[in-house]
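Okay, so here's the structure we're looking at.
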Protein chains: 2
Amino acid sequence: MVAKDAGEARDLSWGLSNRLFFKLYQCANMLHKTGTRALEDYSITTQQWAVLGALTRPAFEKGVAVNDLAAFLLVTRQNLAGVLQRLETMNYVERTVDSNDNRSRLIRLTIKGRSLWDANMRPVIADYYREALSGFSTEDKIHLVHYLDKMLRNFNNLDSEAHGEGGA
Amino acid sequence: MVAKDAGEARDLSWGLSNRLFFKLYQCANMLHKTGTRALEDYSITTQQWAVLGALTRPAFEKGVAVNDLAAFLLVTRQNLAGVLQRLETMNYVERTVDSNDNRSRLIRLTIKGRSLWDANMRPVIADYYREALSGFSTEDKIHLVHYLDKMLRNFNNLDSEAHGEGGA
DNA sequence: TATTGTTATACTCTATAACTATA
DNA sequence: TATAGTTATAGAGTATAACAATA
């Protein structure tokens with residue numbers, strides 16, 4: 001009976017975790033679908049949104065190295081390069097040489113990019129947040145951020161292990 | 001002073017919501033990155049994982065129409081077609097004609113697909129859940145599922161509006 | 001006419017490796 | 001030698017439109 005109970009407990013745990021990850025998967029899909037649609041007037045995808053949003057951070061406003069930006073966004077520098085290229089073509093970001101290290105390039109918003117964010121994207125995104133989080137109290141949001149942050153740390157551990165840093 | 005306070009309240013709300021969505025964005029990225037890596041021995045992506053997982057549901061075991069599967073996964077039927085094609089090439093799913101409606105195709109797992117899921121994928125995914133949810137109590141998981149489900153309903157509303165169904 | 005599913009196209013994103021230029 | 005960034009390539013996913021077969 002012990003073995004059977006243990007099996008049942010494992011099944012319950014599987015079901016709940018499975019449900020949780022399926023919801024997360026669906027939320028991820030819908031975030032990209034509805035987010036990209038919300039910003040379609042500006043031809044901005046959610047990845048580009050994340051980059052532009054990061055560049056408005058006070059710490060990054062004077063420019064941020066590609067590597068640092070990639071680490072912040074949790075994407076590889078190679079894949080960030082593609083997104084940056086598209087944003088540069090649209091004249092929303094620009095690259096300057098870091099005078100402290102000639103290998104490094106500092107990425108920052110252009111005037112046009114800043115204006116796009118402040119005048120167009122931010123209001124649209126504020127509306128988007130309002131709708132996507134309707135029914136959420138401030139407490140709910142704080143709890144959810146906490147859970148997502150906790151899961152994110154676990155994901156980062158999983159990712160580090162996969163790169164052989166924590167080899168068993 | 002009222003206007004200023006209102007502005008500050010809006011900023012606080014913006015900051016919290018922005019943080020929440022950035023975490024969600026990062027979790028989405030990491031789910032695909034670590035999930036696909038966890039299943040790389042079988043060349044299964046997270047989208048294919050979702051399809052195969054759906055097909056193991058008791059309700060779908062005898063076959064499910066493409067449209068119903070797409071609705072369940074929250075993807076378009078066109079995009080599902082591509083994923084199904086890749087899974088069919090690998091011999092993990094098969095299509096049969098619905099005898100009740102000759103237009104419809106019922107998708108179901110093949111023996112090989114069922115075996116891949118039971119013998120290989122499920123154990124790997126169970127480990128993956130354990131690591132990705134380490135530190136989460138059952139209560140935590142229930143709360144998180146609840147929040148994700150709530151957000152998902154909001155996303156679906158946003159999506160319906162965008163398709164002109166609820167036009168203001 | 002409407003619906004089911006498929007095909008076609010164009011683009012973005014991702015993973016990976018190889019390259020350059022600096023350090 | 002190691003690091004910062006770029007370029008190149010192949011594959012997967014996504015949005016959208018158009019199409020064939022069936023209802």
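Convention: sequence-line order gives letters A, B, ...; per-chain numbering from 1.
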Would you kindly give the [atom1]-to-[atom2] distance between [X] and [N], to the nearest whole Å?
X	N	atom1	atom2	value
B/I107	C/dT4	CD1	P	14 Å
B/K33	C/dT16	NZ	P	9 Å
B/L106	C/dG5	CG	C1'	12 Å
B/Q85	D/dA12	CD	C1'	12 Å
B/I44	D/dA12	CD1	C1'	13 Å
B/Q78	C/dC11	CD	P	18 Å
B/M30	C/dT14	CE	P	12 Å
A/D98	C/dA23	CG	P	10 Å

- 5'-most by nearest nucleotide on DNA chain D - A/Y25 or A/N79: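 Nearer the 5' end of the strand: A/N79.
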- DNA chain D: B/S43 or A/A81, which has the more 5' nearest nucleotide?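 Nearest-nucleotide comparison on DNA chain D picks A/A81.
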So, OP1 or OP2 of [N]: does either fall under 4.0 Å of a side-chain N or O from [X]?
X	N	value
A/S104	C/dT22	no
B/R103	C/dA2	no
B/N102	D/dA23	yes
B/N67	C/dT3	no
A/T45	C/dC13	yes

- Query: Given side chains that start at C-beta, do those of A/R105 and A/D98 come closer than 4.5 Å, heavy atoms only?
  - Reply: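 No, every pair of side-chain atoms sits at 4.5 Å or beyond.
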- Charged N to carboxylate O under 4.0 angstrom, A/R108 versus A/E61?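 A salt bridge is absent here (no side-chain N lies under 4.0 Å from a carboxylate O).
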- On DNA chain C, nearest-nucleotide positions of B/H32 versus B/D101: which is more 5'?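 Checking each residue's closest nucleotide, the 5'-ward one belongs to B/D101.
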- B/R37 or A/T46, whichever maps to the more 5' nucleotide of DNA chain C: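 So the residue in question is A/T46.
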- Query: Can you find a donor-acceptor pair, distance only, under 3.5 Å between B/R105 side chain and C/dG5 base?
  - Reply: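 Side chain to base: no pair below 3.5 Å.
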- Donor-acceptor pair under 3.5 Å, B/R77 side chain vs C/dG5 base: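 Yes.
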- Looking at the side chain of A/R86, which of D/dG13, C/dT12, C/dT16 is the nearest nucleotide?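 So the nucleotide nearest the side chain must be C/dT12.
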- Taking the six-membered ring for Trp and the single ring otherwise, decide whether the centroids of B/F72 and A/F22 are under 6.0 Å apart.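 Yes; A/F22 has its ring centre under 6.0 Å from that of B/F72.
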- Message: If the condition is salt bridge (Lys or Arg N to Asp or Glu O under 4.0 Å), which residues does B/E131 pass it with, not counting sequence neighbours?
- Response: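 Scan of B/E131 (salt bridge (Lys or Arg N to Asp or Glu O under 4.0 Å), adjacent residues dropped) gives none.
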- Task: Determine whether A/L55 and A/L106 fall in the same hydrophobic cluster, where Ile, Leu, Val, Met, Phe, Trp and Tyr are linked whenever their side-chain heavy atoms lie under 4.5 Å apart.
- Result: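 Per the 4.5 Å side-chain linkage, A/L55 and A/L106 are not co-clustered.
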